[in-house]
Asks: 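Handing you a structure now.
Computed from heavy atoms alone, side chains included, the values below leave out hydrogens, waters and symmetry copies. Worth saying up front: this structure is predicted, and the values here are computed from it rather than measured.
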Amino acid sequence: MPEQDDVNISRSDIEANVAAFGFEQASDIDLYEKLLKEGFKVISDALSEHDQMFVDTKFEFGYVNDKDGNSKLIYMDEVGTPDSSRIWDGAAYREGKIVENSKEGFRQFLLNHFDDADILLNKDRMPEREALARDNDLPLEAMMNVSRTYTGVAEKVTGSSIQLPENPKADIIKVLRENYDLID
């Protein structure tokens with residue numbers, strides 16, 4: 001089976017290519033399917049309580065060793081976040097509009113902002129993509145739109161207002177330095 005991003009696959013595709021899909025054993029496919037269904041339902045139900053629709057997501061799985069050294073399949077990496085999911089506003093949807101609370105708006109901004117969108121879409125052009133990111137500052141408003149999307153979802157889910165710090169970069173650097181010893 002050729003490697004591709006964002007392609008629909010069937011269970012039989014996975015069963016025929018167990019190792020290629022990263023499974024240690026075929027019996028893990030049952031657990032994978034169970035975790036997919038349960039994970040989607042848990043997040044969907046929680047969001048629906050806040051009139052948000054969980055319409056699409058990407059779950060990433062991996063293996064870790066438990067305390068006894070046994071390999072265990074788990075969810076990992078940004079489960080249910082606007083970065084990996086499409087979340088629509090329920091009230092807007094009932095009015096015939098789609099208000100998406102995900103990174104899609106930012107993605108579309110980037111594709112329209114740069115002259116050659118293929119650099120952002122083509123994995124064979126990674127050096128050019130890295131140079132594009134390194135050599136170009138994005139407008140502050142574009143970054144604030146992303147922030148508003150993410151904080152908006154968090155505020156709906158938690159029911160609490162999120163106050164942005166005056167200098168978020170300094171705060172992040174401080175946490176990375178003091179809590180994780182990652183920055184000198």
Side-chain angles (χ1 to χ4, degrees), residues 1 3-15 17-18 20-67 70-111 120-121 123 142-165 168 171-172 175-176 179-180:
M1 179 161 211
E3 184 177 325
Q4 282 182 290
D5 287 337
D6 298 330
V7 64
N8 291 328
I9 58 170
S10 67
R11 182 183 172 110
S12 61
D13 291 332
I14 297 171
E15 290 170 339
N17 299 282
V18 172
F21 280 102
F23 289 99
E24 292 178 355
Q25 53 199 16
S27 61
D28 286 341
I29 297 170
D30 288 333
L31 175 59
Y32 169 73
E33 187 174 54
K34 178 180 182 261
L35 291 172
L36 282 173
K37 289 176 181 177
E38 288 177 355
F40 194 92
K41 182 173 178 6
V42 165
I43 296 168
S44 182
D45 289 351
L47 286 171
S48 70
E49 291 177 16
H50 304 284
D51 203 16
Q52 300 296 293
M53 300 168 59
F54 195 51
V55 295
D56 182 32
T57 194
K58 162 184 80 172
F59 286 119
E60 294 183 25
F61 292 87
Y63 288 92
V64 296
N65 290 331
D66 65 17
K67 64 180 174 145
N70 300 311
S71 184
K72 182 177 180 179
L73 182 67
I74 64 163
Y75 293 113
M76 56 190 289
D77 194 30
E78 64 191 34
V79 174
T81 68
D83 207 47
S84 64
S85 306
R86 297 177 79 155
I87 302 166
W88 293 353
D89 183 79
Y93 183 76
R94 289 188 296 280
E95 294 175 4
K97 301 176 201 149
I98 294 177
V99 175
E100 186 160 324
N101 297 308
S102 72
K103 70 175 180 183
E104 187 60 25
F106 183 62
R107 181 179 174 277
Q108 290 302 316
F109 165 80
L110 290 174
L111 292 173
L120 300 170
L121 300 171
K123 288 186 178 182
M143 304 308 291
M144 293 309 296
N145 285 338
V146 173
S147 178
R148 283 190 284 275
T149 296
Y150 283 53
T151 55
V153 170
E155 287 175 345
K156 286 175 185 166
V157 170
T158 64
S160 300
S161 178
I162 296 175
Q163 300 301 314
L164 296 178
D171 290 353
I172 291 168
V175 168
L176 293 175
N179 296 12
Y180 299 100

Asks: For Leu73 versus Leu35, what's the shortest heavy-atom pair and its separation?
Replies: O-CD1, 4.2 Å

Asks: By side chain to side chain contact (heavy atoms under 4.5 Å, CB included), which residues pair with Pro165, not counting sequence neighbours?
Replies: Pro168, Asp171

Asks: Passes side-chain contact (heavy atoms from CB on, under 4.5 Å), Val175 versus Tyr180? Steps please.
Replies: CA-CA 7 Å; Val175 168; Tyr180 299 100; 3.8 Å; yes

Asks: Please output the side-chain donor-acceptor pairs of residues 37-44 that fall under 3.5 Å, not counting sequence neighbours, one pair per line with the distance.
Replies:
from, atom 1, to, atom 2, distance (Å)
Glu38, OE2, Lys34, NZ, 3.3
Lys41, NZ, Asp45, OD2, 2.6

Asks: Where do Ile87 and Phe54 come nearest, in terms of heavy atoms and distance?
Replies: CG1-CD1, 4.1 Å

Asks: Please report the interatomic distance CD(Glu33) to CG(Asp30), rounded to the nearest 0.5 Å.
Replies: 7.0 Å

Asks: What I want to find out is whether Lys97 reaches Asp89 closely enough, with some N-O distance under 4.0 Å, to be called a salt bridge.
Replies: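 Not counted as a salt bridge, because no side-chain N and carboxylate O are separated by less than 4.0 Å.
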
Asks: Apply salt bridge (Lys or Arg N to Asp or Glu O under 4.0 Å) to Arg94 and Asp51, showing your working.
Replies: CA-CA 10 Å; Arg94 289 188 296 280; Asp51 203 16; 2.7 Å; yes

Asks: With a 4.5 Å heavy-atom cut-off, do Val157 and Leu47 have their side chains touching?
Replies: yes

Asks: What pairs with Phe106 under ring pair (Phe, Tyr, Trp, His ring centres under 6.0 Å), at least two apart in sequence or on another chain?
Replies: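 Not a single residue meets the ring pair (Phe, Tyr, Trp, His ring centres under 6.0 Å) criterion with Phe106.
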
Asks: In Å and rounded to the nearest 0.5 Å, what is the CD1 to OG distance from Ile29 to Ser27?
Replies: 8.5 Å

Asks: Taking atom CD of Gln108 and atom CD of Glu100, what is their separation to the nearest 0.5 Å?
Replies: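 Reported to 0.5 Å precision, the distance equals 9.5 Å.
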
Asks: When you compare the side chains of Glu104 and Ser102, does any donor N or O come within less than 3.5 Å of an acceptor on the partner?
Replies: no

Asks: Does a sphere of radius 6.0 Å around OH in Tyr93 hold more than 12 heavy atoms from other residues, nucleotides or ligands, not counting ones at 6.0 Å or beyond?
Replies: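 Atom OH in Tyr93 is not crowded, with 12 or fewer foreign heavy atoms closer than 6.0 Å.
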
Asks: About how many Å separate OG1 of Thr151 and CE of Met144, when rounded to the nearest 0.5 Å?
Replies: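 These two atoms lie 8.0 Å from each other.
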
Asks: When you measure from the side chain of Ser147 to the backbone N and O of Met143, does any donor-acceptor pair fall under 3.5 Å?
Replies: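 It does not hold such a pair.
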
Asks: Between Glu155 and Ser161 (side chain of the first, backbone of the second, donor and acceptor by atom type, cut-off under 3.5 Å), is there such a pair?
Replies: no

Asks: Taking C-beta and beyond as the side chain, do Ile74 and Tyr63 meet within less than 4.5 Å on heavy atoms?
Replies: no

Asks: Backbone N or O of Asp13 within a donor-acceptor pair of the Asn17 side chain at under 3.5 Å?
Replies: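 A pair under 3.5 Å: yes.
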
Asks: So do the side chains of Lys58 and Thr81 get within less than 4.5 Å of each other, counting heavy atoms only?
Replies: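 Not touching, per the 4.5 Å side-chain cut-off.
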
Asks: Quick one: closest heavy-atom pair of Val18 and Gln25, and the distance?
Replies: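 Reported closest heavy-atom pair: CG1-C, 4.0 Å.
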
Asks: Indicate the ring-plane relationship of Tyr75 and Phe59, choosing parallel, tilted or perpendicular according to the 30° and 60° boundaries.
Replies: tilted

Asks: Distance from Glu49 atom CD to Lys156 atom NZ, nearest 0.5 Å?
Replies: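 Reported value, rounded in 0.5 Å steps: 15.0 Å.
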
Asks: Is Asp28 salt-bridged to Lys72, cutoff N-O under 4.0 Å?
Replies: no

Asks: Can you tell me how far the CD1 atom of Ile9 sits from the CD1 atom of Ile14, to the nearest 0.5 Å?
Replies: 3.5 Å

Asks: Without hydrogens or angle criteria, can the side chains of Glu24 and Ser71 be said to hold a donor-acceptor pair below 3.5 Å?
Replies: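 On atom types as modelled, these side chains qualify, holding a pair under 3.5 Å.
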
Asks: May I ask you to check whether Asn101 and Tyr150 show a side-chain donor-acceptor distance below 3.5 Å?
Replies: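 No, Tyr150 and Asn101 have no side-chain donor paired with an acceptor closer than 3.5 Å.
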
